[in-house]
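So the structure is just underneath, and the comments pick up after that.
Count residues from 1 along the sequence. Excluded from the calculations below are hydrogen atoms, water molecules and symmetry mates; all remaining heavy atoms, backbone and side chain alike, are included.
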Amino acid sequence: MKEQTYLVYGATGAQGSAVVSALRASGKNVRVLLRNSDNKSSFEAPGVEVAIGDLDSPAQLLAASRDVAGVYFALPLEFNVDKAVRWGKNAIDAAVAANAPLMVFNTSIVGAAETNQATGSVAIDIKAELERYLKQAPIPSIVLRPTLYLGNLTAPFATPSIVNDGVLAYPVPADQKVSWISWEETASYAVAALQRPDLAARRATFDIGGAQAITGNELAAAIGKAVGRNVFYFPLPIEQFEAGLSAAFGTETGGALANLYRYMTNPAHGDILNVDLRAARAEFAVPQTSIDSWAAQIPWKDLAQNAMAQA
């Protein structure tokens with residue numbers, strides 16, 4: 001067995017690619033799972049191998065899962081419940097059948113339910129069902145539940161408004177504190193978890209977030225300092241957020257993401273975006289980056305220009 005080879009799902013996306021980079025930086029070999037060979041050339045590098053597999057093909061997933069030291073799994077952006085749950089179970093079953101030593105599941109979301117009761121958010125309910133399935137499966141596992149990704153703020157829908165208008169619009173109340181986390185910091189947690197079979201044997205679950213829990217106004221001020229202008233926070237109405245997403249990605253995705261934000265910003269569900277990091281910090285020595293440091297590393301003006309050019 002290649003003891004230092006790790007299977008990474010979703011390597012073409014922002015989350016998965018960060019995990020690939022973090023594993024390679026720590027000297028580990030990586031096997032990336034691609035749906036087809038279209039992006040194969042971008043992964044041609046020492047220590048990286050490519051497996052072709054579809055989430056609807058248990059045989060291909062089994063082949064990709066053989067002879068690895070661990071599996072990192074995150075679902076694609078899919079909100080058809082039957083399809084998403086089937087994909088997740090296929091990946092878990094493949095890891096079990098291949099006798100993978102452990103599996104790390106990044107839910108990419110907070111607030112997963114601990115009971116069988118539906119939350120009203122399809123996005124959360126899908127991940128909650130897969131968490132339960134994984135914990136009952138005969139494989140050591142660790143579940144990571146990150147808060148909101150700072151990378152969301154660098155998307156084409158956000159950067160022109162920040163750079164040109166001095167407005168950061170996001171569907172979270174201005175006074176709600178959020179433990180924002182970067183893709184890179186999340187990847188560091190994933191790599192650290194893949195090295196912890198002792199925690200995996202206990203089927204541990206961790207809420208993870210950044211070092212600071214800040215309000216929207218504080219976030220806008222930090223980004224403004226990096227951009228070089230005053231930036232003001234605008235709590236985007238969720239209905240407006242939903243309309244924009246539905247136009248770009250379809251009503252199923254737009255509605256599911258909007259309901260997720262309705263859940264996360266509902267005071268009845270507690271301060272779930274301001275996570276308690278004591279458990280994660282006690283187990284993982286992950287360096288944490290301040291919001292100011294993160295914002296200073298982002299090429300805001302270039303991103304805004306690219307977004308406008310592609311609009």
Side-chain angles (χ1 to χ4, degrees), residues 9-10 12-18 55 73-88 105-113 117-131 143-162 167-174 176-183 186 207-210 216 219 233-275 303 307 310-311:
Y9 283 79
T12 58
Q15 298 175 54
S17 64
L55 287 168
F73 178 71
L75 271 174
L77 200 65
E78 176 58 59
F79 299 108
N80 177 288
V81 176
D82 292 339
K83 183 184 293 186
V85 169
R86 181 175 70 247
W87 286 352
F105 175 31
N106 175 9
T107 65
S108 306
I109 210 170
V110 297
Q117 296 179 347
T119 64
S121 166
V122 168
I124 291 176
D125 292 342
I126 288 170
K127 305 301 174 60
E129 182 169 351
L130 290 178
E131 278 193 48
V143 174
L144 300 176
R145 297 174 177 170
T147 58
L148 297 181
Y149 286 126
L150 283 163
N152 295 347
L153 307 176
T154 67
F157 69 82
T159 52
S161 176
I162 291 170
V167 176
L168 169 59
Y170 207 77
V172 172
Q176 183 170 357
K177 289 195 172 184
V178 178
S179 306
W180 291 89
I181 190 169
S182 69
W183 291 317
T186 305
D207 294 321
I208 59 173
L219 178 63
Y233 186 78
F234 173 64
L236 186 68
I238 291 182
E239 292 73 20
Q240 188 175 338
F241 175 67
E242 180 174 3
L245 287 173
S246 296
F249 303 108
T251 56
E252 183 174 67
T253 296
L257 288 174
N259 283 337
L260 169 62
Y261 277 83
R262 290 186 178 100
Y263 183 92
M264 293 189 298
T265 59
N266 186 339
H269 299 141
D271 203 12
I272 62 174
L273 292 175
N274 180 5
V275 300
L303 291 173
Q310 296 172 10

Keeping the roles fixed (side chain from Ser182, backbone from Leu150), state whether a donor-acceptor pair exists under 3.5 Å.
->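 No, the answer is negative, given that no donor and acceptor are paired below the 3.5 Å cut-off.
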
Between the main-chain N or O of Ser179 and the side-chain N or O of Thr147, is there a donor-acceptor pair closer than 3.5 Å?
->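 Here the side-chain-to-backbone pair exists.
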
Kindly give the heavy-atom pair with the smallest separation between [X] and [Y], and that separation in Å.
X: Thr159; Y: Ala307; result: OG1-CB, 4.0 Å
X: Ile181; Y: Pro146; result: CG2-CB, 4.2 Å
X: Thr265; Y: Pro171; result: CG2-O, 3.7 Å
X: Ile272; Y: Met264; result: CD1-CA, 3.7 Å
X: Phe79; Y: Ala256; result: CG-CB, 3.4 Å
X: Val143; Y: Glu131; result: CG1-CD, 3.7 Å

To the nearest 0.5 Å, what is the distance between CG (Leu260) and CD1 (Ile109)?
-> 4.5 Å

Measuring from Leu148:CG to Trp180:CH2, what's the distance to the nearest 0.5 Å?
-> 4.5 Å

Contacts of type side-chain contact (heavy atoms from CB on, under 4.5 Å), residue [X], not counting sequence neighbours:
X: Ser108; value: Gln15, Ala74, Asn106, Lys127, Tyr149
X: Thr251; value: Ser246
X: Val85; value: Val81, Lys89, Ile126, Glu129, Leu130
X: Ala248; value: none

Any pair counted as salt bridge (charged side-chain N to carboxylate O under 4.0 Å, His left out), so long as it reaches residues 238-266, sequence neighbours left out |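 Passing the test, one end in residues 238-266: Glu239-Arg262, Glu242-Arg262.
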
Which ring pair (Phe, Tyr, Trp, His ring centres under 6.0 Å) pairs, counting each pair once, include a residue from residues 239-261, with sequence neighbours left out?
->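 Residue pairs with at least one partner in residues 239-261: Tyr170-Tyr261, Phe241-Tyr261.
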
Any side-chain heavy atom of Val122 sitting closer than 4.5 Å to one from Asn259?
->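 SC-SC contact between Val122 and Asn259 ruled out.
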
Less than 4.5 Å apart, any side-chain heavy atom of Thr253 and any of Leu245?
-> no

Ring pair (Phe, Tyr, Trp, His ring centres under 6.0 Å) partners of Phe73, counting only residues at least two apart | Tyr9, Phe105

For Glu78, which residues count as a salt bridge (charged side-chain N to carboxylate O under 4.0 Å, His left out) partner, sequence neighbours excluded?
-> none

Evaluate side-chain contact (heavy atoms from CB on, under 4.5 Å) for Ile208 paired with Thr186, printing each intermediate quantity in order.
-> CA-CA 8 Å; Ile208 59 173; Thr186 305; 4.0 Å; yes

Where do Leu303 and Ile162 land on the side-chain contact (heavy atoms from CB on, under 4.5 Å) test, with the steps shown first?
-> CA-CA 10 Å; Leu303 291 173; Ile162 291 170; over 6 Å; no

Who are the side chain to side chain donor-acceptor pair (under 3.5 Å) partners of Trp87, not counting sequence neighbours?
->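 Here the qualifying residues are Asp56.
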
Name all residues meeting the side chain to side chain donor-acceptor pair (under 3.5 Å) criterion together with Asn266; count only those two or more places apart in sequence or in a different chain, and write none if there are none.
-> none

Apply the test side-chain contact (heavy atoms from CB on, under 4.5 Å) to residues Asp207 and Val110: give CA-CA distance (whole Å), side-chain angles for both, the deciding distance (0.1 Å), then the verdict.
-> CA-CA 7 Å; Asp207 294 321; Val110 297; 5.6 Å; no

Please assess Asp125 against Tyr263 for the test side-chain contact (heavy atoms from CB on, under 4.5 Å), listing each intermediate value before the final yes or no.
-> CA-CA 11 Å; Asp125 292 342; Tyr263 183 92; over 6 Å; no

